Number of protein chains: 2
Amino acid sequence: MLAVQEFFENSDYAVSVVDLVNHFKEEMNKATVYRILSRMESEGMIHSFNGMDGLTWYAACKHCSHDHHEDQHPHFQCKKCGRVECLEISLPIPKVKDHKIDSEIVLLVGECNNCQS
Amino acid sequence: MLAVQEFFENSDYAVSVVDLVNHFKEEMNKATVYRILSRMESEGMIHSFNGMDGLTWYAACKHCSHDHHEDQHPHFQCKKCGRVECLEISLPIPKVKDHKIDSEIVLLVGECNNCQS
DNA sequence: TTGTTATTGCAACCTTGTTGCGATAAATTA
DNA sequence: TAATTTATCGCAACAAGGTTGCAATAACAA
Ligand SMILES: [Mn+2]
Ligand SMILES: [Mn+2]
Ligand SMILES: [Zn+2]
Ligand SMILES: [Zn+2]
């Protein structure tokens, strides 16, 4: 589990679970990676969301703990390099007639700073 | 293909591809459903997106054709009844420093009109 | 009718993700 | 320390969504 923890501590970006399984494939079993990720998520160390591709992505939590999860921020995926990051901003939840809206899942798509020529 | 077309014409809601495969399982093969959906999507009759569950959902297009797809609207999923609908509104694309944002994938989650007691 | 193209059924396959279980490691307790 | 309990792990098998190759059929055109 420590290796996975360090992986997140040393990265500002989110990572897809597929990449993670692949990255650790010589060190640990696929099932172990999935189990570590669920454990870390339930302890408020990381959070998960879906990327454009439909895959599950994970990223380090900034201000969460075991009993206080708050990861309602939008995410950004770069079309060119594929990198995904958490955006530490809060978007207004839109009002829609006849709908009681509790939360908002947002994935912004575009080009990151590195990829803009 | 006609049966699937009619299915969309008679519904205001989106439908998950799993429900569709299940709904047509006596009439046609799973592969056929998937192929019909891709064809209909490439012809601008329907569009697809991801629900909370990670599944692929499809909904009828309102103003699209073979060479003009414009399905950038947000979607809404009711936590209680599970129904998913297209919202014919346009949300402002947020500006984020150091990011060139081209599009925005939004899934609003809450309670629909029917489910609010 | 005959040849050509588009659609379908079926089975096999790929991928993401989960689960049961025995083995090993870590933490408790005596 | 030694025995016991608990947590973690590897492995293999499985489940579910989704895709693909191929032969059969249907639709279409000449
Ligand atoms: Mn995040
Ligand atoms: Mn829609
Ligand atoms: Zn980039
Ligand atoms: Zn509802």
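Each chain gets a letter, A, B and so on, in the order its sequence line appears, and its residues count up from 1. Bear in mind the structure is a predicted one, so any value in this text is a computation, not a measurement. For the numbers below, each heavy atom of this structure counts, side chains included, while hydrogens, waters and symmetry mates do not.
Nearest to the side chain of A/Thr32, among D/dG17, D/dC9, C/dT16, sits D/dC9.
At a cut-off of 3.5 angstrom, the base of D/dG10 holds no donor-acceptor pair with the side chain of A/Lys30. B/Arg35 contributes a side-chain N or O that forms a donor-acceptor pair with the base of C/dG9 under 3.5 Å.
Across the protein-nucleic acid pair, B/Leu37 atom CG and C/dT8 atom P stand 11 Å apart, rounded to whole Å. Atom pair B/Phe24:CZ and D/dG18:C1' shows a separation of 18 Å (rounding to whole Å applied). Remark: C1' of C/dT15 and CG of A/Asp19 are 14 Å apart, rounded to the nearest angstrom. When the C1' atom of C/dA6 is taken as reference, atom CE of B/Met1 falls 12 Å away, rounded to whole Å. Taking atom CG of residue B/Leu20 and atom C1' of nucleotide D/dG18, one finds them 14 Å apart after rounding to whole Å. Between the CH2 atom of B/Trp57 and the C1' atom of D/dG18 there is a distance of 17 Å, rounded to whole Å. Atoms CG (A/Leu2) and P (C/dA25) sit 17 Å apart, rounded to a whole Å. Between the CD atom of B/Glu26 and the P atom of C/dG9 there is a distance of 13 Å, rounded to whole Å.
Of all heavy-atom pairs spanning B/Thr56 and B/Ser48, the tightest one is CG2-CB, 4.0 Å. Nearest approach of B/Asp102 to A/Gly110, heavy atoms of both residues: OD2-CA, 3.5 Å.
Residues B/Asn29 and A/Val17 each lie close to DNA chain C; by heavy-atom proximity, the contact nearer the 5' end of the strand is made by B/Asn29. When each of B/Leu55 and B/Ala31 is assigned the nucleotide of DNA chain D with its nearest heavy atom, B/Leu55 is the one assigned upstream, toward the 5' end.
Close to C/dG17, at under 4.0 Å from its OP1 or OP2, lies a side-chain N or O of A/Thr56. For D/dT19, the OP1/OP2 oxygens have no side-chain nitrogen or oxygen of B/Tyr34 closer than 4.0 Å.
With respect to A/His47, the side chain to side chain donor-acceptor pair (under 3.5 Å) criterion is satisfied by exactly one of A/His69, A/Glu41, A/His73: A/His73.
The hydrophobic cluster containing B/Leu55 does not contain B/Phe76, counting ILVMFWY residues as joined when their side-chain heavy atoms lie under 4.5 angstrom apart, directly or transitively. Residues A/Trp57 and A/Tyr13 are members of separate hydrophobic clusters, defined by side-chain heavy-atom contacts under 4.5 angstrom among Ile, Leu, Val, Met, Phe, Trp and Tyr.
Heavy atoms of B/Val21 sit nowhere under 4.0 angstrom from any nucleic acid atom.
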